[in-house]
Amino acid sequence: PQPPYPVRQARLHQGYVSWLSAHDWDIALTLNFKPDIRKEAARMAARHYWQKLDCWLYGSNAVQRHNTRLLRVCFLEGEDQGRNWHIHSAIKAPAPDAIKPKIAGEDFKLGMCAALTERWEETFEAGRFSKAELIYDCAGWVRYISKDVNIDDCEFCLTTSHIADRRDTM
């Protein structure tokens, strides 16, 4: 017999936390959507954002031919819990010489944080209060971003990373 649902959900969450904590993520990103957006529209807007961002960082040739992408894991959460749709992401910053644009500033990772939010704010579906910052407690961040994952809606965990999955689902 299977364990009760809350036990299975806790095990699933712990599995995500263990797997995500094994990687050294650099940037915590939260992207908020406009209040009246539907889930599928939020997913499509996020895919578009990540595609444009990857092309801006690496060039469309590298993205299309070699699947070169910013390493990230994303969790969509929102309306079901009485909140606007938003995405929490853990991102591995690329090497400064691996990307096309020159990120200004003394600290490259802080410059990446600014670039991530600036690119999001250019998106039509962008809501207010999106934020990117450096991760100082990786285990704490991955526990937080995966908090609402449960057995019935694991599709909320969306990845575009060769670490997690080759398919471009986000």
Side-chain angles (χ1 to χ4, degrees), residues 16 19-20 22-80 83-105 107-135 138 141-142 144-146 148-149 153-170:
Y16 275 115
W19 180 82
L20 290 167
H23 302 284
D24 190 23
W25 304 103
D26 298 309
I27 300 171
L29 177 67
T30 299
L31 302 175
N32 290 305
F33 292 92
K34 290 181 177 179
D36 295 331
I37 196 166
R38 293 182 332 270
K39 177 183 175 183
E40 199 51 42
R43 291 176 81 128
M44 288 175 51
R47 281 188 201 107
H48 182 72
Y49 165 76
W50 289 115
Q51 178 69 17
K52 280 185 68 174
L53 183 73
D54 288 331
C55 289
W56 179 71
L57 289 171
Y58 300 107
S60 59
N61 188 42
V63 170
Q64 292 172 358
R65 290 184 181 219
H66 307 293
N67 201 28
T68 304
R69 307 245 180 225
L70 186 64
L71 300 179
R72 59 189 173 258
V73 62
C74 307
F75 291 86
L76 176 66
E77 58 183 53
E79 196 170 88
D80 298 19
R83 298 169 287 183
N84 289 341
W85 289 109
H86 57 281
I87 291 178
H88 293 299
S89 302
I91 299 167
K92 179 71 179 159
D97 59 349
I99 62 173
K100 286 186 163 236
K102 297 300 175 212
I103 304 294
D107 188 327
F108 174 76
K109 290 179 184 175
L110 286 175
M112 275 297 298
C113 289
L116 290 166
T117 55
E118 287 168 10
R119 294 282 177 261
W120 176 247
E121 289 165 359
E122 295 169 359
T123 305
F124 176 76
E125 296 84 353
R128 297 173 33 193
F129 309 115
S130 294
K131 184 178 184 180
E133 59 189 10
L134 299 180
I135 295 177
C138 195
W141 179 245
V142 299
Y144 178 74
I145 68 174
S146 61
D148 289 331
V149 171
D153 55 16
C154 285
E155 78 276 6
F156 277 33
C157 177
L158 308 166
T159 62
T160 302
S161 164
H162 73 270
I163 294 173
D165 190 351
R166 274 292 190 195
R167 294 174 300 133
D168 182 19
T169 58
M170 175 68 104

CG of Leu31 to CD of Glu121, rounded to nearest 0.5 Å, is 10.0 Å

Yes or no on side-chain contact (heavy atoms from CB on, under 4.5 Å) for Arg128 and Asn84, after CA distance, side-chain angles and deciding distance? CA-CA 11 Å; Arg128 297 173 33 193; Asn84 289 341; over 6 Å; no

Asn32 side chain vs Gly127 backbone, donor-acceptor pair below 3.5 Å: no

Whether Trp19 and Trp25 hold their rings parallel, tilted or perpendicular, with breakpoints at 30° and 60°: tilted

What's the spacing between Lys109 NZ and Ile91 CD1 if we round to 0.5 Å? 12.5 Å

I need the Arg43 CZ to Glu125 CD distance, nearest 0.5 Å. 15.0 Å

On a heavy-atom basis, the closest approach of Ile27 and Ala132 is CG2-CB, 4.3 Å

Heavy-atom pair with the smallest gap, counting every atom of Lys34 and Phe124: CE-O, 2.7 Å

Main chain of Arg69, side chain of Asp54: is a donor-acceptor contact present, judged purely on distance under 3.5 Å? no

Minimal non-hydrogen separation, Ala46 against Phe33, with atom names: CB-CZ, 4.3 Å

Contacts of type side-chain hydrogen bond (donor to acceptor under 3.5 Å, both in side chains), residue Asn61, not counting sequence neighbours: Arg65

Do you know which two heavy atoms are closest between His86 and Thr30, and how far apart they sit? CD2-CG2, 4.5 Å

For Gln51 and His48, run side-chain contact (heavy atoms from CB on, under 4.5 Å): C-alpha distance rounded to whole Å, both residues' side-chain angles, the deciding distance at 0.1 Å, then the answer. CA-CA 5 Å; Gln51 178 69 17; His48 182 72; 5.7 Å; no

One pair to check against side-chain contact (heavy atoms from CB on, under 4.5 Å): Arg119 and Lys52. What are the steps and the verdict? CA-CA 9 Å; Arg119 294 282 177 261; Lys52 280 185 68 174; over 6 Å; no

Checking Thr123 side chain against Tyr49 main chain: does a donor-acceptor pair fall under 3.5 Å? no

Only residue of Cys74, Ser89, Cys113 satisfying side-chain contact (heavy atoms from CB on, under 4.5 Å) with Leu29 is Ser89

Closest heavy-atom pair and its distance - Val63, Cys55: CG2-N, 3.8 Å

Please report the shortest heavy-atom distance between Ile37 and Trp85, naming the atom on each side. O-CD1, 3.3 Å

Could you tell me whether a side-chain N or O of Trp120 sits under 3.5 Å from a main-chain N or O of Lys131, the two making a donor and an acceptor? no

Should Ile99 and Tyr58 be marked as a side-chain contact (heavy atoms from CB on, under 4.5 Å) after you check the CA-CA gap, both sets of side-chain angles, and the distance that decides it? CA-CA 5 Å; Ile99 62 173; Tyr58 300 107; 3.7 Å; yes

